[in-house]
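Following: one structure in structure tokens, then a few remarks.
Start at 1 with the first residue, then count along the sequence.
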Amino acid sequence: MEKKLKLWDAVMIVMGSMIGSGIFIVSADIIRNLGSGYWLIVVWLITTLMTIAAAISYGELSAMFPKAGGQYTYITEIFGKLMGFLYGWGMFTVIQTGTIAAVAVAFGKFTAYLIPSLNDAAPIFQNGDFKITWIQILAIVVILFLTFVNTKGVQSGKILQNVFTSSKIIALLGLIVLGFVLISQSNWNSNMSFGWDAFQNLKQTEWKSISGATILGGIAAAMVGSVFSSVAWENVTFISGEIENPKKNVVKAMILGTSAVMILYLLVNFVYLNALDRDSIAFAANDRVAVAAAEKMFGNAGTIIIAVLVMISTFGCVNGIVLAGARVFQTMAKDGLFLKSAVENNNNGVPAKSLWMQGIWASLLCLSGQYGDLLDMISFVIVLFYMITVFGVIYLRIKKPELERGYKTFLYPFTPILYLLIGTGFCILLFIYKPQYTWPGLGLILLGLPVYFFINKKIVN
């Protein structure tokens with residue numbers, strides 16, 4: 001593959017893939033579950049530690065296996081084809097494609113905020129609970145358009161990614177600064193006055209003090225949103241084969257990109273705590289906390305500003321995920337674990353057929369209306385695969401210490417162990433207190449087992 005992506009481009013892919021719509025909405029659910037400014041910050045700090053620790057650990061693997069496929073390649077090289085396939089299966093069925101669908105629909109919903117007729121229009125088709133709306137159609141148009149752009153070569157996708165990611169970073173920085181300058185009556189002290197006391201109010205009734213096991217369950221539930229808002233940085237590893245000097249630049253991009261995004265996320269939450277009181281954060285209309293904060297800053301114009309910002313953010317996010325994801329399925333196809341036609345590059349040097357397969361399935365998920373339910377359940381699976389990959393760093397250090405490592409994990413073994421401890425705690429708490437977030441996603445991945453054995457039987461025969 002041609003090395004057309006520089007370090008800056010790789011950083012833009014990391015940041016652009018991470019920043020979607022989550023940071024603008026998930027803080028509402030965190031406050032409903034824990035009810036205190038302290039706990040809101042704690043949840044984001046834990047997520048920050050997890051994310052950066054994982055990125056630092058992945059760096060060692062990216063330097064050892066600097067080729068397309070990224071995380072799929074790492075898992076396959078360390079733990080074998082079956083584990084690699086299960087990861088790739090999850091990626092195609094919902095993790096990558098479901099994320100594309102969800103972020104594209106978020107683009108559609110915020111567009112409808114600016115164009116109310118999109119919201120008010122009757123469904124194009126409806127049969128019982130199943131319906132197809134113009135917002136879904138707009139989401140599909142975005143997915144197919146960005147898929148088309150990326151089939152024209154990595155240069156086209158790169159330019160689009162750099163422009164949209166730079167725009168949303170500048171806009172977020174503006175929101176952060178103005179969130180302290182333009183707020184005449186700060187709510188910071190009142191939000192922080194609860195200290196370490198925790199409360200829950202999940203249905204907008206009354207705040208109830210919680211303690212012990214209920215706090216642990218609340219932290220786990222709250223982290224589902226913050227974790228999902230902080231994933232997809234590993235997309236840059238999928239496209240390692242097209243990055244200049246991947247042994248150095250992939251790890252630099254992951255560490256720089258994740259650190260910058262998580263700092264932005266923390267600062268945006270400081271703005272929420274400054275601009276809004278507890279109830280205004282927890283029960284913002286449709287969880288649009290950023291819209292409520294912007295309205296405090298700019299009046300009615302603030303809602304339009306945030307809607308445009310989210311449209312820019314989600315558009316760039318979809319592009320980054322589309323650009324990177326197809327390389328995983330191409331690599332799987334080369335290993336005989338995906339459709340053979342996905343192997344081919346087109347005349348522009350990109351896996352066009354893999355891109356279209358990804359785009360069409362993501363579009364169908366948009367129409368199904370079920371991707372949202374699935375995404376609520378896959379934060380657990382995403383963290384599980386992160387943990388498997390991070391454990392791979394320790395496993396290779398023990399089993400194959402002689403392998404060349406162009407980059408060694410900073411503060412090893414503390415960094416990977418930190419991630420594994422936090423990830424294990426998160427997964428166990430979800431299993432105990434929020435099983436609805438764990439079993440469906442795990443079941444979806446396990447469905448890949450018979451598919452894998454069927455594929456291998458065909459290869460053998």
Side-chain angles (χ1 to χ4, degrees), residues 19 21-52 172-230 259 261-298 302 306 379 422 425-426 429 433-434:
I19 306 170
S21 58
I23 185 57
F24 303 105
I25 57 178
V26 301
S27 293
D29 189 58
I30 296 172
I31 287 289
R32 287 197 296 269
N33 274 285
L34 294 167
S36 160
Y38 274 78
W39 283 109
L40 175 67
I41 293 170
V42 164
V43 166
W44 282 105
L45 281 174
I46 294 171
T47 307
T48 298
L49 281 174
M50 284 180 72
T51 305
I52 296 174
L172 277 174
L173 288 170
L175 178 68
I176 290 162
V177 172
L178 296 175
F180 287 94
V181 173
L182 296 182
I183 296 297
S184 56
Q185 186 174 349
S186 171
N187 288 282
W188 181 270
N189 289 336
S190 64
N191 283 319
M192 304 306 282
S193 65
F194 304 107
W196 294 109
D197 294 332
F199 307 85
Q200 272 188 357
N201 186 354
L202 302 179
K203 297 183 179 178
Q204 202 170 353
T205 51
E206 62 176 331
W207 292 98
K208 294 181 180 178
S209 179
I210 60 173
S211 60
T214 310
I215 289 181
L216 293 176
I219 291 171
M223 282 183 65
V224 168
S226 65
V227 166
F228 188 73
S229 300
S230 308
S259 300
V261 169
M262 297 314 296
I263 290 168
L264 284 173
Y265 281 4
L266 283 167
L267 293 174
V268 168
N269 277 280
F270 290 166
V271 169
Y272 297 158
L273 292 170
N274 188 57
L276 303 167
D277 60 34
R278 180 170 68 172
D279 280 14
S280 298
I281 297 173
F283 307 113
N286 297 311
D287 287 354
R288 291 171 180 154
V289 187
V291 171
E295 194 166 12
K296 283 275 186 179
M297 287 183 259
F298 307 108
I306 288 296
S379 286
I422 298 174
F426 172 70
L429 288 174
Y433 298 107
K434 301 288 178 182

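- The side-chain heavy atoms of N191 and I31, taken from C-beta on, include no pair separated by under 4.5 Å.
- Within the 4.5 Å cutoff, the side chain of I23 has heavy atoms near those of the N269 side chain.
- Counting heavy atoms from C-beta outward, F270 and I41 have side chains that approach closer than 4.5 Å.
- Remark: D277 does not engage K296 in a salt bridge, criterion side-chain N to carboxylate O under 4.0 Å.
- Within the 4.5 Å cutoff, no side-chain heavy atoms of S280 are placed close to those of Y272.
- Residues L173 and V177 are not in side-chain contact: their nearest non-hydrogen atoms beyond the backbone lie 4.5 Å or more apart.
- Within the 4.5 Å cutoff, the side chain of I19 has heavy atoms near those of the Y265 side chain.
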Quick one, F298 with L178, criterion side-chain contact (heavy atoms from CB on, under 4.5 Å). Give me CA distance, side-chain angles, the key distance, then yes/no. CA-CA 9 Å; F298 307 108; L178 296 175; 3.5 Å; yes
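- Between the side chains of W39 and N33, no donor-acceptor pair of N or O atoms lies under 3.5 Å.
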* **Intermediate values then yes/no, side-chain contact (heavy atoms from CB on, under 4.5 Å), T205 and N201** => CA-CA 6 Å; T205 51; N201 186 354; 3.5 Å; yes
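- Residues L45 and L266 form a side-chain contact, since some pair of their non-hydrogen atoms from C-beta on lies under 4.5 Å apart.
- With values rounded to the nearest 0.5 angstrom, S209 atom OG is found 11.0 Å from F194 atom CZ.
- V26 places none of its side-chain heavy atoms less than 4.5 Å from the side chain of V289.
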